[in-house]
Amino acid sequence: MSQTFTITVLPGDGIGPEVIEQAVNVLRVIEELEDVSFTLEYARLGGCAIDEDGTPLPQDTLDKARRSDAVLLGAVGGPKWDNNPAHLRPETGLLGIRKELGLYANLRPAFMLDCMVGVSALKEEVVKGVDLMVIRELTGGLYFGEKKRYETENGEVASDELIYHEYEIERIVRRAFEVARLRSKKLTSVDKANVLESSRLWRKVVERVAPDYPDVELRHQLVDSCAMELIRWPKQFDTIVTENMFGDILSDEASMLTGSIGMLPSASLADGNFGLYEPVHGSAPDIAGKGIANPTATILSAAMMLKYSFGLEKAANAIEQAVHTVLNSGVRTGDIADNKDEAVGTKEMADKIIAAIREAYVQA
């Protein structure tokens with residue numbers, strides 16, 4: 001019997017609709033090649049939802065997401081909404097859907113293919129062979145703590161409260177140990193325990209959980225040292241786990257080791273199999289509608305969805321291998337092309353990946 005999965009699709013803002021369209025085209029090909037079908041329910045999130053619904057996270061979007069097996073997101077945000085009050089900013093919708101759906105574990109891989117070494121700003125010997133995963137706690141910390149702004153006799157004051165509960169730390173740490181087990185069994189826990197009380201609790205919980213995973217090598221590292229070492233010698237890292245704000249910064253840094261933030265996917269996971277999948281790049285409104293955006297990260301995000309939420313390992317691996325095949329053949333979008341005149345557009349890149357997927361199934 002054919003498996004059926006429901007996906008809530010959130011095209012979002014800027015280049016989001018363009019890259020989502022190509023990821024959907026890939027999913028339709030997987031339907032043909034596998035005994036599976038995808039029911040797509042479209043909804044709004046971010047700036048487009050502010051314009052159409054008066055809120056960055058409409059109730060209809062949440063309802064659809066809760067009924068689905070997974071969520072596929074394009075990108076949100078743009079300068080159009082930069083001066084809006086906090087509750088009417090696109091990013092507020094993104095934070096809100098993470099919290100409402102319990103998406104506490106953000107997985108962001110960063111990998112360097114040999115054929116892409118020249119794209120990185122770092123030396124070949126530094127980045128060649130990089131293959132790491134940043135696991136970021138996504139629903140706690142500064143981003144969700146109480147926020148205040150008020151006037152004093154010395155001027156305006158702002159504060160953000162950094163709160164972590166023990167259970168929030170334990171669940172993300174256990175997820176990180178489990179991911180590390182599937183990779184190279186090396187886990188780096190990143191904190192600021194020399195200064196922050198929340199980090200001291202973080203480290204305490206990590207130490208308590210670690211004996212349950214005796215096969216995984218654990219080390220602790222301060223966030224400033226980790227940021228430096230990611231640039232100096234990134235190949236020392238395999239799996240990194242850290243809190244929300246540190247993870248936000250370090251995962252962006254890690255993504256740029258590969259030369260383009262437009263190449264990398266991410267998964268935001270809840271307990272069980274449910275997850276939200278999105279590229280790590282932004283909405284890039286300056287190139288929206290030009291047909292030149294790189295769809296690779298969104299296509300790879302769809303592959304992560306097939307793997308983590310649907311258990312379709314063969315299909316996910318075929319997509320990943322197809323991306324490698326196309327890149328190894330020298331095909332490039334403008335963001336990663338040495339010769340911009342030879343760069344392909346969004347649809348052409350996706351079409352070549354689709355052709356490689358079909359070929360992979362033929363050969364299998």
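Just so you know, these numbers come straight off a predicted model, no measurement behind them.
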How far apart are the closest heavy atoms of F111 and P265, and which atoms are they?
CE2-CD, 4.4 Å

Mutual orientation of the aromatic rings belonging to W202 and Y164 [parallel < 30°, tilted 30-60°, perpendicular > 60°]:
perpendicular

Can you tell me if T333 and D335 form a side-chain donor-acceptor pair at under 3.5 Å?
yes

Heavy atoms of Y104 and D271 approach each other most closely as OH-OD1, 2.8 Å

Tracing side-chain links under 4.5 Å among I, L, V, M, F, W and Y, which residues wind up in one group with L88?
none

Does the Lys NZ or Arg CZ of K99 fall within the cation-pi geometry relative to F144 - under 6.0 Å from the ring centre and within 45° of the axis?
yes

Is there side-chain contact between S189 and L218, with heavy atoms separated by less than 4.5 Å?
yes

Using 0.5 Å steps for rounding, measure from the OG atom of S2 to the CD atom of E31.
8.5 Å

Determine whether the side chains of D53 and T55 contain a donor N or O and an acceptor N or O closer than 3.5 Å.
no

N/O donor to acceptor pairs below 3.5 angstrom from side-chain atoms of residues 16-23, sequence neighbours left out:
unit_1, atom_1, unit_2, atom_2, d
E18, OE1, G291, N, 3.4
E18, OE2, G289, N, 2.5
Q22, OE1, N25, ND2, 3.2

Pair N106-S268, side-chain donor/acceptor within less than 3.5 Å:
yes

Within a reach of under 6.0 Å around NZ of K204, are more than 12 heavy atoms found that belong to other residues, nucleotides or ligands?
no

More than 12 heavy atoms of other residues, nucleotides or ligands under 6.0 Å from NZ of K352: is that the case?
no

Counting only heavy atoms not in K128, do more than 12 fall under 6.0 Å of its NZ?
no

Whether D252 and R108 form a salt bridge (side-chain N of Lys/Arg under 4.0 Å from carboxylate O of Asp/Glu) is what I want to check.
yes

Value for CG (D131) from CE (M112), rounded to nearest 0.5 Å, stands at 11.5 Å

How many angstroms lie between atom CG of N244 and atom OG of S198, to the nearest 0.5 angstrom?
11.5 Å

Do D13 and S283 have a side chain donor and acceptor closer than 3.5 Å?
no

More than 12 non-hydrogen atoms from neighbouring residues, nucleotides or ligands closer than 6.0 Å to NZ on K340, yes or no?
yes

Are E137 and T139 close enough that some pair of their side-chain heavy atoms sits under 4.5 Å apart?
yes

Value rounded to 0.5 Å, distance of CZ in R219 from CD in Q236:
4.5 Å

Basic-acidic side-chain contact under 4.0 Å: E156, R149
yes

